[in-house]
Number of protein chains: 2
Amino acid sequence: MIEDLGRAMIEALEEDIREKFRRSGYTLTSQRRAVLDALEEAGGHPSTEDVYLIVKQKNPRVALGTVYQALSVLEEIGVITSKHWAESPTRYDLNVRPHLDIRCTRCSQVSEVPGVELGNLESQIRQNTPYEVQSTTLVVEGLCPNCQKG
Amino acid sequence: MIEDLGRAMIEALEEDIREKFRRSGYTLTSQRRAVLDALEEAGGHPSTEDVYLIVKQKNPRVALGTVYQALSVLEEIGVITSKHWAESPTRYDLNVRPHLDIRCTRCSQVSEVPGVELGNLESQIRQNTPYEVQSTTLVVEGLCPNCQKG
DNA sequence: TGCAAAACAGGAACGGTTATTGATCGAGGA
DNA sequence: TCCTCGATCAATAACCGTTCCTGTTTTGCA
Ligand SMILES: [Mn+2]
Ligand SMILES: [Mn+2]
Ligand SMILES: [Zn+2]
Ligand SMILES: [Zn+2]
């Protein structure tokens, strides 16, 4: 789980991040670096607002729009990914490998679900539609352990 | 596909609809009937706005808020279902049986994908998360045949 | 037919996101 | 090192889909 990676791992990824910026032509500005750091600090799957609040702690001058734009650039160059759940803002993830996340319908906490195998699902879909399939995403919701007690 | 059902089938469902209203305590008002008719007329998987525009043709006094509320009631009592795709408004469906829909990322047209078997996916998920799973939805996007030519 | 409850029309407000504009930054060349 | 110009940024307005609010109309029911 990305939550457990910690600073050491982030620094191991450092060179990869620089490489992606270099290849894209975008510049790794202090704001984009701050957004990346905030994503790490947030730990889980923060919304833009979550990231904004963390970034503002260290640099109160940063604008919300800048965070939106930074996240969009970071996603475009493959440094982060995003996921959408209904009735919830977009959430971002340092884990760019395909994986399953579940969101609590009560407190919005997102956790990763390991060991789920989608099998031949995508090829099944391709065989049964004339559409050119671009993405198939499994959106899972439920009650987190904490909220089950309530 | 619900698009091919036509008026005969809708009238066959008529009694079922009345029954669901009766059991829920909601009343089948003229506006809710108009929304239902509009869903049928729209044919596919219309958004609230789509439904609103059709309803307004016959009754220009109906308010957009009323359409939102009517669709919400119809969904609550199980007469219709809704689905969400990222970057697209909620879409409604007269087909209340579990099934797969794919949305075109270019023109937003939604079509149903038959013959896809999810298998033990949900039980796999339940085994790998402490969350109490409430819903797992497969969200599929692609390019429809028309838009592939463009 | 009369009354309370439900539903409605119209419009304001809302949350998340994108667009616009002018100021600032910073990489690369003189 | 200093300039320059495109990239980025801050601030704020606008946008879109949706919900909420208020006063009015309709409905089911006694
Ligand atoms: Mn994740
Ligand atoms: Mn459908
Ligand atoms: Zn929870
Ligand atoms: Zn299309």
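Atoms considered below: every heavy atom in the structure, side chains included; atoms not considered: hydrogens, waters and symmetry mates.
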| request: Give a yes/no on whether any side-chain N or O of A/T66 is located under 4.0 angstrom from OP1 or OP2 of D/dC9. | output: no
| Is A/T27 near enough to C/dG26 that one of its side-chain N or O atoms lies under 4.0 angstrom from OP1 or OP2? | no
| query | Does the side chain of A/T90 get closer than 4.0 angstrom to OP1 or OP2 of C/dT17 through an N or O atom? | reply | yes
| field | Check: A/V79 and A/L36 side chains under 4.5 Å, non-hydrogen atoms | value | yes
| OH of B/Y68 versus P of C/dA9: gap in Å, rounded? | 15 Å
| message | I want to verify a distance call: between C/dC8, D/dA10, D/dT8, whose nearest atom is closest to the A/Y26 side chain? | response | D/dT8
| Phosphate OP1/OP2 of D/dC9 contacted by A/R61 side-chain N/O (<4.0 Å) | no
| Residue whose closest nucleotide on DNA chain C lies nearer the 5' end, B/S30 versus B/G65 | B/S30
| In a check of side-chain contact (heavy atoms from CB on, under 4.5 Å) between A/D101 and each of A/V113, A/L138, A/D93, which one passes? | A/D93
| query | Only one of B/S47, B/C147, B/S88, B/C144 clears side-chain contact (heavy atoms from CB on, under 4.5 Å) with B/S108; which? | reply | B/S88
| query | With no hydrogens and no angle check, do the side chains of A/Y131 and B/Q148 hold a donor and an acceptor under 3.5 Å apart? | reply | no
| message | Under 4.0 Å from OP1 or OP2 of D/dC9: is there any side-chain N or O of A/T29 that close? | response | yes
| Roughly how many Å is it from CZ in B/R91 to C1' in D/dG17, rounded to a whole number? | 12 Å
| field | Protein-nucleotide distance (A/E76, atom CD; D/dT8, atom P), rounded to Å | value | 10 Å
| said: Expressed as a whole number of angstroms, how long is the span from A/L71:CG to C/dT18:C1'? | reply: 14 Å
| said: Between P on D/dG28 and CZ on B/R18, what's the gap in Å once rounded to a whole number? | reply: 13 Å
| query | What is the distance from NE2 of A/H84 to C1' of C/dT17, rounded to the nearest Å? | reply | 11 Å
| said: What is the separation between atom OH on B/Y52 and atom P on D/dT19, rounded to the nearest whole Å? | reply: 16 Å
| message | Side-chain N or O of B/Q31 versus OP1/OP2 of C/dA9: is the shortest distance under 4.0 Å? | response | yes
| message | Do B/E87 and B/W85 have side chains that approach each other closer than 4.5 Å (heavy atoms only, starting at C-beta)? | response | no
| When the nearest nucleotide of DNA chain D is assigned to A/L64 and to A/Q69 on a heavy-atom basis, which residue is associated with the more 5' position? | A/Q69
| field | Length of the line joining B/R33:CZ and C/dC8:C1', which is rounded to integer Å | value | 18 Å
